[in-house]
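Report on the structure given below.
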Amino acid sequence: QEQVAESGGGSVQAGGSLRLSCVAPGYSDEFGCVGWHRQAPGKEREEGASIAPGGARIYYADSVKGRFAISQNSAANTVYLQMNNLSPDDTAMYYCAVGWQGSWLKRDKLVNGCWHYDTWGQGTQVTVSS
């Protein structure tokens, strides 16, 4: 399996911004996609956003909608996560993963996103101070 690598984490003050990058070879294959996830100490891992090649199937969790923006460059096998208006609640290890395009119901609405993640990066730490 080709490796996935995240970068761009760091420490910022509340209200600041960071841009994470994920090099994910193979995500642009048919039905592939990439998702950004995060896990804070003592909490479950949470999916924040995902995207398919060409910018299709963009999905955001409610906790990041309106503040985070996911984008991609298929030619470079790279997916970005622009994070704005960060708060201490965003402090976590952020992981990038390659998965498969899928659809499911969420609160009776059809979501076209990314799931069955099978290749994960090592993570990049984001720390937001108040």
Side-chain angles (χ1 to χ4, degrees):
Q1 280 181 328
E2 298 185 82
Q3 292 193 338
V4 173
E6 308 93 336
S7 62
S11 297
V12 296
Q13 290 194 322
S17 298
L18 282 173
R19 189 192 196 205
L20 306 183
S21 297
C22 169
V23 178
Y27 94 91
S28 58
D29 293 344
E30 188 177 16
F31 304 124
C33 49
V34 166
W36 280 101
H37 309 252
R38 63 185 183 182
Q39 187 166 22
K43 294 188 178 180
E44 291 189 357
R45 188 172 60 202
E46 171 193 26
E47 181 178 9
S50 63
I51 192 168
R57 292 179 166 263
I58 290 180
Y59 165 83
Y60 294 106
D62 290 341
S63 57
V64 305
K65 199 174 292 184
R67 299 186 300 122
F68 291 11
I70 192 169
S71 61
Q72 57 90 48
N73 180 343
S74 298
N77 286 320
T78 303
V79 174
Y80 306 97
L81 186 68
Q82 178 67 43
M83 305 186 297
N84 299 323
N85 194 23
L86 287 162
S87 77
D89 288 340
D90 295 313
T91 293
M93 184 70 80
Y94 282 71
Y95 298 91
C96 171
V98 178
W100 299 94
Q101 298 172 28
S103 301
W104 60 90
L105 287 176
K106 181 179 179 181
R107 300 192 201 111
D108 295 330
K109 285 187 67 175
L110 184 65
V111 175
N112 294 314
C114 189
W115 61 2
H116 297 308
Y117 296 99
D118 56 13
T119 306
W120 292 80
Q122 295 296 309
T124 185
Q125 177 68 38
V126 172
T127 302
V128 185
S129 57
S130 57

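Counting begins at 1 with the first residue of the sequence.
- Gln101 contributes a side-chain N or O that, together with a main-chain N or O of Gly32, makes up a donor-acceptor pair within less than 3.5 Å.
- Under the side-chain hydrogen bond (donor to acceptor under 3.5 Å, both in side chains) test applied with Glu46, the options Arg38, Gln39, His37 reduce to a single match, Arg38.
- If you chain together hydrophobic residues whose side chains sit under 4.5 Å apart, Tyr94 and Ile58 fall into the same group.
- Atom CH2 of Trp115 is surrounded by more than 12 heavy atoms from other residues, nucleotides or ligands within 6.0 Å.
- Judged by distance alone, the side chains of Tyr117 and Glu47 do bring a donor and an acceptor atom under 3.5 Å apart.
- Of all heavy-atom pairs spanning Thr124 and Gly9, the tightest one is OG1-N, 3.0 Å.
- When all heavy atoms are compared, the tightest approach of Asn77 to Ser28 is OD1-OG, 3.6 Å.
- Residues Val4 and Val34 fail the side-chain proximity criterion, which asks for heavy atoms closer than 4.5 Å.
- Residues Arg67 and Asp90 meet the side-chain proximity criterion, which asks for heavy atoms closer than 4.5 Å.
- The OG1 atom of Thr127 sits 8.5 Å away from the CE atom of Met93 when rounded to the nearest 0.5 Å.
- Only one option out of Ile51, Val64, Ile70, Val126 pairs with Leu81 in a side-chain contact (heavy atoms from CB on, under 4.5 Å); it is Ile70.
- The nearest pair of heavy atoms linking Gly102 to Arg57 is O-NH1, 2.7 Å.
- Side chain of Thr91 to backbone of Val128: a donor-acceptor contact under 3.5 angstrom is found.
- Evaluated for a side-chain contact (heavy atoms from CB on, under 4.5 Å) with Tyr27, the options Cys114, Cys22, Cys33, Ser74 yield exactly one hit, Ser74.
- The cluster map of Ile, Leu, Val, Met, Phe, Trp and Tyr, joined by side-chain heavy atoms under 4.5 Å apart, puts Leu20 and Val12 in the same cluster.
- By the neighbour-count criterion of 12 heavy atoms within 6.0 Å, atom NZ of Lys106 is densely surrounded, having more than that number from other residues, nucleotides or ligands.
- When every heavy atom of Ala40 is checked against every heavy atom of Ala92, the shortest pair comes out as N-CB, 3.8 Å.
- The line from CD of Glu6 to CD of Gln122 is 7.5 Å long, rounded to the nearest 0.5 Å.
- In this structure, Tyr60 and Phe68 approach most closely via the heavy-atom pair CE2-O, 3.3 Å.
- Note: the hydrophobic cluster containing Tyr59 does not contain Val79 (ILVMFWY, side chain heavy atoms under 4.5 Å, direct or indirect links).
- When side chains are defined from C-beta on, Gln82 counts as touching Ser17, because their heavy atoms get closer than 4.5 Å.
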